[in-house]
Each structure stands twice: as C-alpha cells, then as structure tokens.
Number of protein chains: 2
Amino acid sequence: MLELRHLRTLNALDETGSISLAAQRVHLTQSAVSHQIKALQEHYQLPIIQRSGHAVQLTDAGKRLVQLAGKILGEVQSAERDLAKISQQAAGSLRIVLECHTCFDWLMPIMDDFRQHWPEVELDLVSGFHSDPVSLLRQQVADVVIGSENKPQQGIIHFPLFRFEILAVLAPGHVLGSKRVLEAADFAQDVLITYPVPEERIDLIRQVLMPAGVSWQRRTTELTVAILQLVASRRGIAALPGWGIKNYLDYEYVIARRIGTSGLWSDLYLSVREQDASLRYLRDFLETIDQVCFARLDGIKPLSKKGTRKN
Amino acid sequence: MLELRHLRTLNALDETGSISLAAQRVHLTQSAVSHQIKALQEHYQLPIIQRSGHAVQLTDAGKRLVQLAGKILGEVQSAERDLAKISQQAAGSLRIVLECHTCFDWLMPIMDDFRQHWPEVELDLVSGFHSDPVSLLRQQVADVVIGSENKPQQGIIHFPLFRFEILAVLAPGHVLGSKRVLEAADFAQDVLITYPVPEERIDLIRQVLMPAGVSWQRRTTELTVAILQLVASRRGIAALPGWGIKNYLDYEYVIARRIGTSGLWSDLYLSVREQDASLRYLRDFLETIDQVCFARLDGIKPLSKKGTRKN
DNA sequence: AGATAATTATGAATAATTTTCATATATGCT
DNA sequence: AGCATATATGAAAATTATTCATAATTATCT
C-alpha cells in the first residue's frame with residue numbers, strides 16, 4: 001500500500017508546506033496529491049496532515065513518514081546511480097551550453113554535486129555566445145543546452161525545467177519605483193543594463209520593448225553582481241530573474257517591479273540529442289536540477305512534463 | 001518507476017531463487033512477477049536476473065537492488081510500527097490458541113520477536129486442548145487461534161497462513177522404509193505415536209485411516225522430541241509436518257515417507273474476531289509469521305489470500 | 001531418447017489503481 | 001461582503017498492474 005511515490009509526495013509536502021506546491025514538485029495535480037494523502041490516512045487510520053487555515057502541517061505520523069522518506073529516498077537514488085555504473089553508462093561527457101547567464105548561480109553547486117557522483121563523466125561549460133546553441137548539439141561540440149529553446153526539432157529532445165519571472169530591477173528610491181508595474185514605455189527613461197549578448201536574446205527587449213516600438217539605451221557587463229552594482233548606483237535599470245536577485249532585495253540593495261500586468265515570464269528547457277536522452281547520468285543531472293531548483297529558487301513554477309519525461 | 005513492490009518481489013526472488021516461489025511469497029501469480037522483472041529490466045536497460053536453466057540467479061544489478069531492499073524494507077516496517085504506536089493501537093492482548101502442536105517450533109521465536117516490538121501487548125499462549133478453539137475467541141478467552149479452521153463464520157476472520165505436508169516418520173531401517181509412499185493399511189502394522197489430543201484432531205487418523213476403515217494402535221506424548229525419540233527407538237511410527245523433522249532427517253535420526261500418492265497436506269489459518277482484524281499489532285504479527293515461516297520452513301506452500309488480506 | 005512434468009515468458013484481456021477534470025468547500029485578504 | 005487562493009471530493013479517464021491462457025524452455029523419469 002505505501003509506495004515510494006507516497007514518500008516522494010510527503011517529502012515535497014514537507015518542504016513546501018502546501019498541497020498544491022508539493023503537487024507541482026512531483027509533477028502531479030493538486031487533486032492527485034490530495035487523494036494520495038487521503039488514501040494514506042485511511043490506510044493507517046491516522047491523520048497525516050493537520051490544517052491550520054490554509055497552511056498544511058504534518059502530524060507526528062506525517063513527520064514519521066517524512067523521516068522514513070529521508071532515510072529511504074537517498075538510498076534509492078544511490079542504488080540507481082550504482083545501476084548506471086554497472087550498466088557502464090557511467091562514463092561520457094556533459095558539455096553544457098548556458099543560454100541563461102544568471103543560471104550560473106544555481107548551476108554551479110549542482111555541477112559540484114554531479115562531479116562527486118559521476119567522476120567518470122567529463123563535465124564542462126562551453127563558453128562564449130552562440131546564435132544557435134542547439135546546433136552545437138548536432139555538431140557534437142556540446143551535449144546539453146540549457147535555454148529557452150523548445151521548438152520540436154528532429155533528433156533533439158527538450159526537457160522542461162521550470163518557468164520563472166523576470167523582474168525589473170531598480171535602485172531604491174528610483175522614480176519608477178512608485179509604480180507597482182512597469183510598462184514598455186518606462187524603459188525608455190533609463191539605461192538598460194544587460195549581459196553582453198545580442199538584443200534578440202534578451203527577453204525584455206524581444207518580448208516587451210520591440211513589440212511596443214519603444215527605443216532604449218543599453219549598457220552591458222558580464223557578471224550579475226556587476227549589473228546589480230550599476231543598478232544600485234543609479235546608472236540604469238535591469239531585468240533579471242526573481243530568484244537571481246532575491247538576496248539583494250532582502251537587503252534592500254535594489255528593488256524589483258513586475259513588468260506588465262501579468263509579468264514577464266521565461267521558460268527554461270534542457271535540450272539534448274535524442275540518442276543521449278536516456279543516458280543515466282543525464283537523467284540524474286536532470287533530477288538533481290529539479291530537486292535543487294525547486295527547493296532553492298523562489299517563485300519558479302514547473303512546466304508541463306509533456307516534453308518526454310518518462311522512463 | 002521503481003516501487004517498494006518491486007523490492008519486495010526481488011527480495012523474495014533472492015530468497016527463493018525461483019520466479020514461481022517468489023510469486024507465491026508475495027501473493028502474486030508467476031506471470032505477474034515475470035512481468036515485473038521484465039519491466040525493471042527495460043526501465044534500467046539492464047539484466048536483473050540471469051538464467052542457468054531453470055534456476056534464476058540475480059545479476060550484479062539485481063544484487064544491488066536486493067541490497068537496497070534489505071536496507072529499506074526494514075525501515076518501512078519499523079516506521080509502520082511507529083505509526084501504530086502513534087495511533088495508540090500499540091496496546092492490547094494477543095492470547096493465542098495453538099491447535100497445531102508442532103507449531104510451537106516456529107512460533108516461539110516469533111513470539112520473542114513480537115514482544116520486543118510490541119512491549120505493550122500482552123502476549124500469551126492459552127494452554128490446554130479445546131474441542132472448539134474458535135469459540136474461545138467469542139468467549140474473549142483467546143484473541144487468536146492458529147489452526148486448520150477456515151469455514152466462514154459470523155464475526156470471525158480466517159487469515160490463511162500456509163499449507164504443509166505431513167510425512168510419516170520411521171526409524172531408519174524400518175520395514176516400511178522400503179516403500180516410497182505409505183498407504184493407510186501400512187499404519188495398521190505399527191503403533192502410532194501422537195500428541196495427546198482427540199483422534200479427530202489428528203489429520204492422519206481423520207483423513208486417511210478412518211476413511212480407509214483401517215484400525216490402529218496409539219501411544220501419546222507431549223513433546224515433538226519425545227515422539228521422535230520413540231520413533232527412532234522403534235516403538236512406533238508418527239506423522240509430523242515436514243519442516244518439523246527436517247533436522248532429524250538431515251542427521252538420519254529418522255526417515256520420512258509420503259502418505260498417499262499426492263501426500264497428506266494440512267492448511268493452517270490464523271483466526272481472529274472480526275473487530276480485531278485491523279489491529280496494527282495483529283497485522284504485524286501476521287506479517288512476521290509470513291516472513292519467518294516462508295524463510296525458514298521447508299516445503300510449505302502459500303494459500304490463496306482470499307481470506308481477506310487487504311488493507 | 002522420448003515422453004512427461006515443471007518452470008518461465010509473453011500477448012491479450014481484465015482488474016485495479018492512479019490521475020485528472022470539474023466542481024464544491026473552506027480560508028484569507030482587502 | 002466579495003474576490004482570490006487553497007484544498008477536498010466524486011466521477012470520468014487514463015494508466016498500470018495483474019491475471020489468464022498458452023507457448024516456449026528446461027528438467028526428470030522411465
């Protein structure tokens with residue numbers, strides 16, 4: 001009756017404290033999670049969760065099961081890694097093209113983790129900018145592209161990672177700070193500070209400014225911290241992922257505003273050659289990204305798993 | 001994809017070394033187990049078992065999963081016991097009536113184990129012989145009957161334990177030893193040594209001798225070892241469960257013969273009052289019996305689980 | 001060796017379970 | 001109070017697991 005599935009759900013529930021967020025984490029609907037918990041409670045004749053308003057709290061019984069999950073799920077993942085090693089799918093290469101500059105932030109620790117588990121896999125970042133990153137896969141120059149590309153292509157598979165909001169970043173006290181939501185025209189008033197990549201690769205420009213026919217001034221720099229420094233010192237405004245600026249917001253180094261009423265969102269995918277899609281270490285890499293990102297990055301949302309995520 | 005179900009199956013497969021026996025252990029058909037393993041192999045793209053003729057051997061990958069099962073399944077059981085404690089189903093009484101005398105052999109260690117896990121449950125054996133053991137349940141004198149009773153009765157639930165063969169036990173060199181299979185008439189030749197219970201409670205008499213109209217001489221004694229001693233010293237012959245005499249056979253202290261061409265079989269059930277059937281400690285007791293008996297008793301076969309074994 | 005029995009594999013059918021969908025209900029916020 | 005958000009729930013749909021029937025394979029017994 002109790003299955004690993006339930007433990008994974010409870011784990012997510014414990015971390016998120018919410019049925020619907022937990023559901024997203026395990027790629028199920030809120031309803032499915034609700035049913036799962038109900039089934040567990042009926043099976044054990046015990047309440048697993050306790051509701052104080054909307055917030056979901058685990059009961060002692062629930063905590064005991066989460067504790068079990070903690071002990072067990074790691075063992076399972078570890079065993080599955082060993083199986084990959086046995087099947088000699090433990091060696092290979094994972095050369096990553098990062099289309100999203102800010103993604104360094106979360107990717108770095110994941111890479112460290114990955115190296116520990118897969119010492120035989122050559123892990124690298126492919127540097128430089130590329131107009132068509134996916135073509136690097138075909139040319140065997142890279143093995144993985146992390147970016148926004150998700151159009152179906154022959155021989156390429158896109159795994160959905162997550163959706164995140166891009167926020168306008170302003171110096172505290174900036175005039176635009178008085179608005180709750182910024183519109184395209186607002187960006188004409190100040191210098192736009194971006195990474196040094198082509199205009200069409202900047203979501204704000206491609207999706208907001210260009211369609212609105214607004215002109216802009218641009219200044220570029222390599223590092224996220226540098227962008228934030230420039231913003232804070234009133235040299236301009238920027239547009240960055242919410243999770244990338246969380247700490248700076250908390251310390252009120254900068255402030256953030258939504259772009260457009262419903263916000264400017266960007267979707268991230270991980271693309272690989274079709275023949276690599278079932279490589280065990282690749283799957284493990286994906287799994288780790290999932291775990292780490294959803295646990296640590298604020299405000300991200302899961303994408304539908306329709307992009308081939310079975311097996 | 002991998003679920004606890006698979007680990008339980010692999011565990012049984014490891015212990016039995018056979019697909020069909022493993023299937024019986026986990027209360028599935030042979031086909032189901034075969035399909036499970038096939039699914040695992042396809043999922044991991046690895047052979048899990050290796051066949052040398054009919055004998056099934058685990059591959060390294062299979063062994064790794066069994067190792068995982070070993071680590072995990074105990075944790076699960078332990079967590080489930082804790083849940084029972086949380087739900088305050090940890091206290092109660094388990095007064096056992098043992099209809100099958102020889103069953104002391106395997107029950108004793110199980111009781112010891114049980115006491116450790118459920119210190120709050122008063123565990124006892126109800127001594128003496130009873131013409132209708134199940135009525136003791138109704139009278140609240142006992143909580144559990146282990147015996148052959150399986151006729152549906154109002155308010156009583158019978159959990160199937162297992163089926164075992166009753167063998168004729170002879171002194172080495174006994175004349176009847178020359179026959180491969182003993183028939184009813186053969187038992188008229190020698191003294192029958194039994195436990196001191198009514199005739200109708202002795203399977204050999206009720207199912208073989210009486211139907212055949214054969215007469216017999218009987219001598220009784222309390223302990224299994226005493227019976228074996230009398231047999232070995234040529235005071236008579238006995239009929240005992242195969243697993244009960246295994247050690248004595250191995251040391252050639254006595255020899256055993258099948259009774260009738262297809263053997264004399266006995267089914268064992270565990271009966272409880274309906275309202276007790278979902279008690280957590282009772283379920284745990286049942287689970288332990290299952291584990292221990294199938295792991296340690298030779299030649300026993302599972303019974304169909306039709307007697308209400310869900311939840 | 002040949003026949004028979006026993007064991008496993010497999011495709012199709014069935015059964016059971018899980019998930020989703022469409023809502024209802026409950027809570028929090030302004 | 002009213003709207004937005006979160007959870008619960010029954011019924012339908014989808015998926016998955018199991019069984020059934022049978023074929024294929026291996027072992028055993030004259």
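Order of the sequence lines sets the chain letters (A, B, ...), proteins ahead of strands, with each chain counted from 1. These figures come from a predicted structure and were not determined experimentally.
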For atom CG of L2(A) and atom P of dT17(C), their distance in whole Å: 15 Å

T59(B) side chain vs P47(B) backbone, donor-acceptor pair below 3.5 Å: yes

Contact under 4.0 Å: S18(B) side-chain N or O vs dT7(C) OP1/OP2: no

Value in whole Å for how far the C1' atom of dT5(D) lies from CD1 of I19(A): 14 Å

H35(A) ring over dT9(D) six-membered base ring, under 5.5 Å and 30°: yes

Whether over 12 other heavy atoms sit under 6.0 Å from K179(B) NZ: yes

L28(A) CG to dA8(D) C1', straight-line distance once rounded to whole Å: 16 Å

Worked verdict on W265(B) versus F164(B) for ring-ring contact (aromatic ring centres under 6.0 Å, His included): CA-CA 6 Å; W265(B) 295 83; F164(B) 60 92; 8.3 Å; no

Short side-chain N/O contact from R51(A) to OP1 or OP2 of dA26(C), under 4.0 Å: no

Spacing of L13(A) atom CG relative to dA6(D) atom C1', expressed in whole Å: 13 Å

Under 3.5 Å donor-acceptor pair, Q30(A) side-chain atoms to dA8(D) base atoms: yes

Nearest-angstrom distance from the residue atom NE2 of H6(A) to C1' of dT19(C): 12 Å

K246(A) bridged to D250(A) by N-O distance under 4.0 Å: yes

Nucleotide of dA17(D), dT18(C), dA9(C) approaching R5(B) most closely (side-chain heavy atoms): dA17(D)

Value in whole Å for how far the P atom of dT26(D) lies from CD1 of I49(B): 13 Å

Distance, rounded to the nearest Å, where H43(B) contributes NE2 and dT16(D) contributes P: 12 Å

dT18(D) OP1/OP2 closer than 4.0 Å to side-chain N/O of Q36(B): yes

Sugar-phosphate, base or nothing in reach of V56(B), heavy atoms under 4.0 Å: sugar-phosphate

Sugar-phosphate only, base, or nothing, as touched by S34(A) at under 4.0 Å among non-hydrogen atoms: base

Phosphate OP1/OP2 of dG10(D): any K38(A) side-chain N/O under 4.0 Å: yes

Donor-acceptor contact present, side-chain R257(B) to main-chain G177(B), <3.5 Å: yes

Base dT8(C) to side chain S31(B), donor-acceptor N/O within 3.5 Å cut-off: no

Residue closer to the 5' end of DNA chain C, G53(B) versus G53(A) (nearest nucleotide): G53(B)

Residue closer to the 5' end of DNA chain C, A32(A) versus A32(B) (nearest nucleotide): A32(B)

From dT27(C), dT8(C), dA8(D), nucleotide with atom closest to H54(A) side chain: dT27(C)

Close side-chain approach of F285(B) to L279(B), heavy-atom, < 4.5 Å: no

Protein-nucleotide distance (Q50(A), atom CD; dA8(D), atom P), rounded to Å: 13 Å

